[in-house]
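Read through the structure below, which is laid out as structure tokens, and then see the notes.
We number each residue from 1, following the sequence as shown.
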Amino acid sequence: MIDVKGITKSFGKLQVLKGIDLHINKGEVVSIVGPSGAGKTTLLQIIGTLDKPDSGTVNVDGVDVSGLSEKKLADFRNQHIGFVFQFHQLLPEFTALENIMIPAFIAGKGRKEARERAEELLNFMGLSDRASHKPNELSGGEKQRVAVARALVNNPAVVLADEPSGSLDSKNKADLHQLFFDLRDKFGQTFVIVTHDENLAKLTDRTIHMKDGILEA
């Protein structure tokens with residue numbers, strides 16, 4: 001599902017990634033842990049095609065993304081990869097339902113198809129009664145579940161999450177963590193989650209440890 005080989009990345013004189021080799025299987029829920037500055041987020045952004053490595057190759061869902069043009073990268077990202085961030089990044093002027101539908105519109109899907117998929121996801125999240133609410137009318141946990149639904153609306157092969165529960169209280173953290181596994185079981189996505197949360201890391205199928213730009217054995 002995800003194959004990363006020989007990835008290096010520097011910012012100026014600082015080498016953040018020092019030759020990363022990583023394979024993640026389809027349907028795995030994998031956590032990446034390590035101290036701040038280890039390179040976790042940089043690796044996630046490269047897997048997600050948001051950044052390019054200085055060297056090495058990235059293959060996601062059978063596609064070598066290293067040689068794609070910016071336009072093809074954007075299309076690939078929209079259709080094959082979902083993103084969940086620490087802070088939900090919902091658009092405040094749109095309802096929960098509309099926020100979820102936006103990536104589907106970008107992918108060229110019609111309103112009826114986009115709405116049906118968004119409603120299916122809201123129902124799965126237990127948020128059908130919040131569909132017409134705007135982000136300022138939702139709790140923190142509800143906002144993050146809407147953000148997860150938005151990441152899933154195009155049925156991506158891979159969902160990448162960067163500290164997804166970092167801004168949530170203990171109850172909402174536990175609910176969100178369980179949600180990832182429920183979604184994997186229902187929709188079959190592969191999840192790669194950067195986290196400092198030890199409880200989440202213990203739940204995942206595999207935990208990858210990073211330190212100083214390399215993967216620890």
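Residues Arg115 and Leu97 form a side-chain contact, since some pair of their non-hydrogen atoms from C-beta on lies under 4.5 Å apart. Side-chain atoms of Asp61 and Met1, non-hydrogen and from C-beta on, do get closer than 4.5 Å to each other. Inter-residue side-chain proximity for Val148 and Met125 is flagged as met; some heavy-atom pair is nearer than 4.5 Å. Looking only at side-chain heavy atoms (C-beta outward), Leu138 and Arg145 stay at 4.5 Å or farther from each other. Residues Leu127 and His133 fail the side-chain proximity criterion, which asks for heavy atoms closer than 4.5 Å. Between Val30 and Asp205 the shortest side-chain heavy-atom distance does not fall below 4.5 Å. You'll find the side chain of Val65 reaches within 4.5 Å of the side chain of Leu73, heavy atoms only. Using a 4.5 Å heavy-atom cutoff, the side chains of Asn155 and Gln189 are in contact.
A donor and an acceptor atom, one from each side chain of Asp182 and Gln178, are located under 3.5 Å apart. A donor atom on one side chain and an acceptor atom on the other are found under 3.5 Å apart for Asp64 and Ser66. Between the side chains of Asn59 and Lys5, no donor-acceptor pair of N or O atoms lies under 3.5 Å. A side-chain N or O of Thr207 and one of Ser31 form a donor-acceptor pair less than 3.5 Å apart.
Cation-pi check for Lys72 over Phe76 is not met; the charged atom does not lie both under 6.0 angstrom from the ring centroid and within 45 degrees of its normal.
Taken to the nearest 0.5 Å, the CE atom of Met210 stands 9.5 Å off from the OG1 atom of Thr41. Separating the NZ atom in Lys9 from the CD1 atom in Ile46 is a distance of 6.0 Å, to the nearest 0.5 Å. Atoms CG and NZ, from Asn99 and Lys143 in turn, are 11.0 Å apart once rounded to the nearest 0.5 Å. Between the CG atom in Leu200 and the NE2 atom in His177 there is a gap of 4.0 Å [rounded to 0.5 Å]. Considering CG of Leu17 and CG of Leu215, their distance stands at 9.0 Å, rounded to 0.5 Å. The CG atom of Leu22 sits 5.5 Å away from the CD1 atom of Ile47 when rounded to the nearest 0.5 Å.
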Under the salt bridge (Lys or Arg N to Asp or Glu O under 4.0 Å) rule, what do Glu113 and Arg117 come out as? Steps first, then yes or no, please.
CA-CA 6 Å; Glu113 181 184 0; Arg117 173 64 171 162; over 6 Å; no
For Leu68 and Val63, what are the C-alpha separation, side-chain angles and deciding distance, and is it a side chain to side chain contact (heavy atoms under 4.5 Å, CB included)?
CA-CA 9 Å; Leu68 295 181; Val63 175; 4.2 Å; yes
Show your working on side chain to side chain donor-acceptor pair (under 3.5 Å) between Ser55 and Thr8 and close with a plain yes or no.
CA-CA 5 Å; Ser55 62; Thr8 65; 2.5 Å; yes
Test salt bridge (Lys or Arg N to Asp or Glu O under 4.0 Å) on Glu70 and Lys52 and set out the steps.
CA-CA 11 Å; Glu70 289 300 324; Lys52 291 187 176 181; 3.2 Å; yes
Please assess Thr190 against Asn25 for the test side chain to side chain contact (heavy atoms under 4.5 Å, CB included), listing each intermediate value before the final yes or no.
CA-CA 8 Å; Thr190 303; Asn25 295 312; over 6 Å; no
Decide yes or no on side chain to side chain contact (heavy atoms under 4.5 Å, CB included) for His23 and Glu28, but give the supporting numbers first.
CA-CA 11 Å; His23 176 78; Glu28 269 196 299; 5.9 Å; no
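Nearest heavy-atom pair, Val4 versus Ile20, reported as atom, atom and distance to 0.1 Å: CG1-O, 3.5 Å. Between Ala161 and Leu44, the shortest heavy-atom contact is O-CD2, 3.7 Å. Shown here for Val159 and Leu152, the closest heavy-atom pair between the two residues is CG2-CD2, 3.8 Å. Taking every heavy atom of both residues into account, Asn154 and Ala107 meet most closely at ND2-CB, 3.9 Å. Closest approach of Pro103 to Arg150, counting heavy atoms only: CG-CG, 3.6 Å. The nearest pair of heavy atoms linking Phe181 to Leu203 is CZ-O, 3.3 Å.
Proximity of a side-chain donor or acceptor of Arg184 to a complementary backbone N or O of Phe191 within less than 3.5 Å is not detected. In terms of modelled atom types and a separation under 3.5 Å, the side chain of Lys211 and the main chain of Glu216 share no donor-acceptor contact. Counting only distance, with no hydrogens or angles, the side chain of Ser10 and the backbone of Gly12 share no donor-acceptor pair below 3.5 Å.
No chain of hydrophobic side-chain contacts below 4.5 Å, direct or via other Ile, Leu, Val, Met, Phe, Trp or Tyr residues, connects Val153 to Leu91. Both Leu122 and Met101 belong to a single network of hydrophobic side chains, linked directly or stepwise wherever heavy atoms of I, L, V, M, F, W or Y lie under 4.5 Å apart.
Glu137 CD: more than 12 foreign heavy atoms inside a 6.0 Å radius.
Under the rule for a ring-ring contact (aromatic ring centres under 6.0 Å, His included), the partners of Phe187 that lie at least two apart in sequence or sit in another chain are Phe124.
When Ile32, Val194, Val16, Val58 are each tested for a side-chain contact (heavy atoms from CB on, under 4.5 Å) with Leu43, only one passes: Ile32.
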